[in-house]
Amino acid sequence: MSALTFRYEVPGDDFTRAGEASSDVKRKLKQLGYSPEAVRKVAIAMYEGEINMVIHAGGGEAVVEMDPEEIRVTLRDQGPGIPDVEKAMQKGWSTAPDTVRNLGFGAGMGLPNIKKYTDELRIETEVGVGTTLYMKVFA
Amino acid sequence: MAAEDQFFHSVTLDSQKCMGCTNCIKRCPTEAIRVREGKACIISQRCIDCGECIRVCPHHAKKAQYDHMEALKSFSYTVALPAPALYGQFNHLNDMDIVLTGLKRIGFDHVFEVSRAAELVSEATRLLMKEGKLELPVISSACPAVVRLIRVRFPDLCSHVLPLASPMETAARIARQEAMERTGLPGEKIGIFFITPCPAKVTDIRAPLDFACSQVDGAIAISEIFPKLTDAMEHLEATEPLQHSGVIGVGWASSGGESAALLNEKYLAADGVENVIRVLEELEDDRIRELEFIELNACAGGCVGGVLCVENAYVAKARLQRLRRYLPVSRNHLQKGKEEVPYWEKDLEYQPVLKLSSDRGEALRMMGEIDRITCLFPGLDCGSCGAPSCRALAEDVVRGEARESDCIFVLKEEIRSMASALGSIGGFVPETMRKEWEKTESSGKGEPE
């Protein structure tokens with residue numbers, strides 16, 4: 001079965017570059033002929049994840065695997081970890097500092113949106129070690 | 001009435017003038033141009049008729065096709081539909097009736113300002129948004145290049161495009177109806193001509209996406225009628241009171257005009273095709289949440305920046321601001337029970353022209369190849385191969401439309417390795433032919449005598 005894997009480095013603390021990886025993935029998915037819904041779901045979920053990595057974790061790494069049946073996105077960072085995942089999944093709950101909120105980010109919609117736009121989501125996190133998000137969107 | 005011709009494009013190439021340079025391929029927002037055999041070729045399915053290549057071509061080899069004044073002869077009665085951008089083209093103009101009367105002097109029987117219909121479209125949009133009948137944010141459909149761009153690149157946004165007839169189409173419908181009532185002639189004897197600032201509008205008439213066929217019979221470029229019209233305007237003895245639109249309608253000529261007419265501050269107006277793409281990308285990712293209306297114009301400045309205008313977009317905009325200053329806000333209003341601004345007959349459908357293959361497994365294989373081949377190229381995006389970027393060349397190679405050695409750097413590398421292979425073969429001499437000094441040299445034991 002044909003599958004492709006792409007790796008991206010997500011730079012920390014640079015909002016001007018946040019979203020570059022998800023934009024590139026979006027362009028590729030369209031070219032590959034995935035359905036507009038699948039493209040939209042991956043693009044939004046991955047963008048939110050990228051922004052989270054910039055705000056909270058000082059960047060990280062994104063690995064995107066595409067095959068005919070599904071698209072898997074893994075976002076891995078060595079950030080502070082999420083102490084209470086259940087709380088973080090609630091809409092509007094945010095630990096983003098004011099400086100970030102002033103830019104229009106950090107409204108507490110990141111993880112809830114990722115959940116909403118993915119078909120499967122698994123979060124591995126450890127305080128002080130980092131967080132890894134495993135997302136899956138069916139083609 | 002123009003029949004549909006889905007392959008029609010207003011933007012075409014004059015191959016005599018084309019030097020095969022790479023200016024246009026680099027500027028095309030849909031990567032629709034390649035240089036082949038020394039001439040630019042437009043990939044028809046990808047072209048959105050934005051006119052960027054016309055703007056950038058230093059040899060004037062890209063041109064727009066439009067109708068000429070002779071086309072008026074096919075009709076018994078003709079009506080000109082001037083785009084509001086036309087008013088911004090003239091120096092020292094203080095009365096728009098001079099322009100409209102001038103249009104009648106150069107051969108039209110009547111005029112109907114597109115800005116009048118623009119006021120109706122604005123009102124219809126306001127009503128629909130108030131009633132909550134449109135998917136938010138609503139994206140303007142007035143710029144045909146933007147609509148075509150969305151159709152080929154932004155599948156998710158198709159349903160956000162305002163599904164109402166454009167001011168031009170609306171004007172054509174009303175103008176024809178009025179002309180039929182005024183003259184008693186049947187509709188087909190009446191010729192409706194749009195005075196256009198851009199080629200995208202010409203394409204929109206010949207190959208409409210929204211209606212089975214356009215109500216506009218032809219489009220004549222502002223630049224084409226400009227000399228004749230200015231001459232007629234200078235020799236007018238009296239003007240007729242033909243101007244009948246307000247601040248709102250005339251404002252549509254430049255970026256921000258359409259959105260200001262919605263009387264709702266939750267909007268943005270972006271102009272220039274690169275800026276438009278940036279906004280569409282963010283809209284697609286759900287990053288623009290607080291706005292209700294998105295006005296997009298492919299040309300910088302809006303329609304006054306169209307490639308068929310004669311005046312600098314910003315000068316034209318300044319003139320329009322002055323001209324409309326004392327006009328009423330709006331002079332055209334929807335009448336109850338009349339559908340003056342019709343809904344689109346067809347939904348805007350995504351055209352995946354950039355898709356690699358309809359078989360996803362095959363598409364994945366091709367993309368893997370594209371990535372592999374892209375790495376072989378130097379990444380300079382120089383355009384010498386005739387494709388806009390190294391990646392575009394890799395795509396063309398995988399699609400079977402180009403060769404790796406179209407890259408001059410790859411070719412040079414091949415030549416270099418051939419040369420070094422030749423060199424080493426050339427340096428090789430069979431033992432029987434070797435002279436004494438060659439033996440000593442090749443063994444490295446000393447200098448020849």
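Hydrogens, waters and symmetry mates are skipped; everything else that's a heavy atom, side chains included, is used. Keep in mind the model is a prediction, meaning the values are calculated, not measured. A, B, ... follow the sequence lines: proteins, then strands. Residue 1 opens every chain.
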Taking the six-membered ring of B:Y350 as reference, does the NZ or CZ atom of B:R151 fall below 6.0 Å from its centre and within a 45° cone about the axis? no

Does any heavy atom of chain B fall under 4.5 Å from the side chain of A:K26, the backbone, both, or neither of them? side chain

Quick one: what part of B:D359 sits under 4.5 Å from any heavy atom of chain A, side chain, backbone, both or neither? neither

Pi-cation contact, A:Y34 with B:R360 (under 6.0 Å, within 45°): yes

So, A:T16 and A:D14: side-chain donor and acceptor under 3.5 Å apart, yes or no? yes

Under 4.5 Å from any heavy atom of chain B - which part of A:F6: side chain

Does atom CD of B:E349 have more than 12 heavy-atom neighbours, drawn from other residues, nucleotides or ligands, at distances under 6.0 Å? no

Donor-acceptor pair between B:E135 and B:S159 side chains, under 3.5 angstrom: yes

Does a donor on one side chain sit under 3.5 Å from an acceptor on the other, for B:S357 and B:E362? no

Are side-chain heavy atoms of B:L136 and B:H160 found at a separation under 4.5 Å? no

What part of B:E395 lies closer than 4.5 angstrom to a heavy atom of chain A: side chain, backbone, both or neither? side chain

Please list, in residue-number order, every residue in residues 35-44 of chain A that has a heavy atom less than 4.5 Å from any heavy atom of chain B; write 'none' if there are none. A:S35, A:P36, A:R40, A:A43, A:I44

